[in-house]
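Have a look at the structure below before the remarks.
Note that this is a predicted model, so its numbers are computed, not measured. We name chains A, B, ... by the order of the sequence lines, and we start the count at 1 in each one.
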2 protein chains.
Amino acid sequence: MLKQETLSKNQQIVLDYIEKVNEPIKAYSILHNVQKKGIKAPLQVYRALDKLVEIGKIHKIESRNAFVACKNSNCQISKATAFSICEGCEEVSEISDSKLSKYLKNFQDKAGMKFNKYNLEFFGLCKKCSIK
Amino acid sequence: MLKQETLSKNQQIVLDYIEKVNEPIKAYSILHNVQKKGIKAPLQVYRALDKLVEIGKIHKIESRNAFVACKNSNCQISKATAFSICEGCEEVSEISDSKLSKYLKNFQDKAGMKFNKYNLEFFGLCKKCSIK
DNA sequence: TACACAATGTTATATTATAACAATTAACAC
DNA sequence: GTGTTAATTGTTATAATATAACATTGTGTA
């Protein structure tokens, strides 16, 4: 079978919601908010999330167990992700910096292990929160 | 009170075990293995883990919900962590690369947000697993 | 001693995620 | 269209990870 071109029903419902809220959101929060669309069980959400992460439409913020839509329209497969996270207001932004991504993509560890994926999370205080 | 110099009883028990196994280990696995030492409840483990992470004795591998002892003896506070993770055998190594850490410590995002901490996880296949 | 704070012990519960299995749907070869 | 295969769905139950709340005990120091 050819690679899937279109999203399935549940995948589309979950993606639509994540894109609408436009900030990291947790799986069970997604579940509560898409029940009116007919999604009833956690697994239906988690299965859609797995696929959406796999094809790069969304990313998982590992330190927060939350999911966010990918902003880089060209990021078809989520192999290289970087985020800034404000520890005050929990605002998360995807970092899109070609020098950084180039540097990390080419990084070689001392054992010569070849990497095909990375995830980087920066923590700090955003401008608003650093004034408070 | 002055800053704590020594670990408390539970903190020491948990740290001893994590250092002994010498690979990432999950909280409930720690619990099972230290019950003979008198630790009975998840919270006792999680409280010790929180403190040990805070003072940099251990790190959390976010993508695996696992904890590992810090190998950098000078890493008093865990503000800057990088790991390589083999997706085949799940072997995890802490990366200690001064160029990488310098680069990331000084990274400034476009919004000018100042970071005080980061965590980087690389994924790939280790030598053994890439042969298979 | 008395104070403040860190750490402990304990029960219960919240949150995040997957197992197992049956049924249905979609893409493709023929 | 028919048969085949894989993807997706639906459903119930349960596993795995983590925290809330509150009472108690220990430790350093004024």
Side-chain angles (χ1 to χ4, degrees), chain A residues 1-18 21 24-68 77 87 90 92 119 121, chain B residues 1-18 21 24-68 77 87 90 92 119 121:
Chain A
M1 194 191 304
L2 289 177
K3 200 183 161 208
Q4 180 188 27
E5 299 282 328
T6 56
L7 297 177
S8 74
K9 194 187 71 177
N10 287 357
Q11 290 160 14
Q12 192 65 58
I13 290 170
V14 169
L15 178 59
D16 285 347
Y17 182 68
I18 295 176
V21 300
I25 186 166
K26 286 160 172 277
Y28 275 74
S29 173
I30 294 169
L31 175 60
H32 296 318
N33 283 284
V34 297
Q35 285 185 326
K36 65 194 90 167
K37 301 274 186 183
I39 290 182
K40 290 172 187 162
L43 244 196
Q44 294 174 292
V45 172
Y46 278 104
R47 285 196 284 224
L49 290 172
D50 283 349
K51 176 60 82 174
L52 292 169
V53 166
E54 185 190 327
I55 64 178
K57 292 286 190 186
I58 65 173
H59 303 304
K60 182 172 186 181
I61 313 297
E62 292 286 357
S63 66
R64 299 295 186 264
N65 298 316
F67 300 85
V68 69
I77 302 200
E87 292 181 305
E90 290 295 320
V92 172
N119 179 55
E121 298 181 6
Chain B
M1 196 194 297
L2 288 177
K3 200 181 160 207
Q4 181 188 25
E5 300 282 329
T6 57
L7 297 176
S8 74
K9 193 187 71 177
N10 288 357
Q11 290 160 13
Q12 191 66 57
I13 290 169
V14 170
L15 178 59
D16 285 348
Y17 183 67
I18 295 176
V21 298
I25 187 167
K26 287 161 172 280
Y28 275 73
S29 173
I30 295 169
L31 176 59
H32 295 319
N33 282 285
V34 297
Q35 284 184 327
K36 63 193 90 167
K37 302 273 186 183
I39 290 182
K40 290 172 187 162
L43 203 43
Q44 294 174 292
V45 172
Y46 278 103
R47 284 196 284 224
L49 290 172
D50 283 350
K51 175 61 80 174
L52 292 168
V53 166
E54 186 190 326
I55 63 178
K57 292 287 189 186
I58 66 173
H59 303 304
K60 182 173 187 180
I61 313 296
E62 292 286 357
S63 66
R64 299 296 186 262
N65 297 316
F67 300 85
V68 69
I77 302 200
E87 292 181 305
E90 291 295 322
V92 172
N119 178 56
E121 298 181 7

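When the side-chain hydrogen bond (donor to acceptor under 3.5 Å, both in side chains) test is applied to A:Asp50, no partner is found at least two apart in sequence or on another chain. The side-chain hydrogen bond (donor to acceptor under 3.5 Å, both in side chains) search around A:Glu121 returns A:Ser63, A:Asn119, not counting sequence neighbours.
Close to C:dT8, at under 4.0 Å from its OP1 or OP2, lies a side-chain N or O of B:Ser8. At D:dT8, one or more side-chain N or O atoms of A:Gln11 fall inside 4.0 Å of OP1 or OP2 (strictly under the cut-off). For B:Lys40 and C:dT10, the shortest distance from a side-chain N or O to OP1 or OP2 is below 4.0 Å. Put simply, B:Lys51 has a side-chain N or O that comes within less than 4.0 Å of OP1 or OP2 on C:dA7.
Taking the screw axis at each terminus of the helix from C:dT1-D:dA30 to C:dC30-D:dG1 from five consecutive base pairs, the angle between the two is 40° to within rounding of 10 degrees.
Taking atom CG of B:Leu7 as the reference point, atom P of D:dT27 lies 14 Å away to the nearest angstrom. For the pair B:Arg47 CZ and C:dC5 C1', the computed distance is 14 Å after rounding to whole Å. Regarding B:Leu52, its CG atom lies at a distance of 10 Å from the P atom of C:dA7, rounded to whole Å. In this structure, A:Asn10 places its CG atom 13 Å from P of C:dT25, rounding to the nearest Å. Residue B:Gln12 contributes atom CD, which lies 11 Å from atom P of C:dT8 at whole-angstrom precision. With rounding to whole Å, B:Lys9 atom NZ is found 14 Å from C:dA6 atom C1'. Going from atom CD of A:Gln44 over to atom C1' of C:dT24 covers 13 Å, rounded to whole Å.
Residue A:Ile39 holds its CD1 atom at 10.5 Å from CZ of A:Arg47, rounded to the nearest 0.5 Å. If you take CD on A:Gln11 and CG on A:Leu49, they are separated by 10.0 Å, rounding to the nearest 0.5 Å.
Taking 4.5 Å as the limit, some side-chain heavy atom of B:Lys60 sits within range of a side-chain heavy atom of B:Asn65.
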Nucleotides 11-18 of chain C: protein proximity per nucleotide (B base, S sugar-phosphate only, - neither; heavy atom, under 4.0 Å): B----BBB
Per-pair distances, 0.1 Å, donor-acceptor, side chain in residues 24-36 of chain B, under 3.5 Å, sequence neighbours excluded:
residue	atom	partner	partner atom	Å
B:Lys26	NZ	B:Arg64	O	3.1
B:Asn33	OD1	B:Tyr17	OH	3.4
B:Asn33	ND2	B:Tyr17	OH	3.0
B:Asn33	ND2	B:Ser29	O	2.7

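Of all non-hydrogen atoms in A:Gln12 and A:Leu7, the two that sit nearest each other are OE1-CD1, 3.4 Å.
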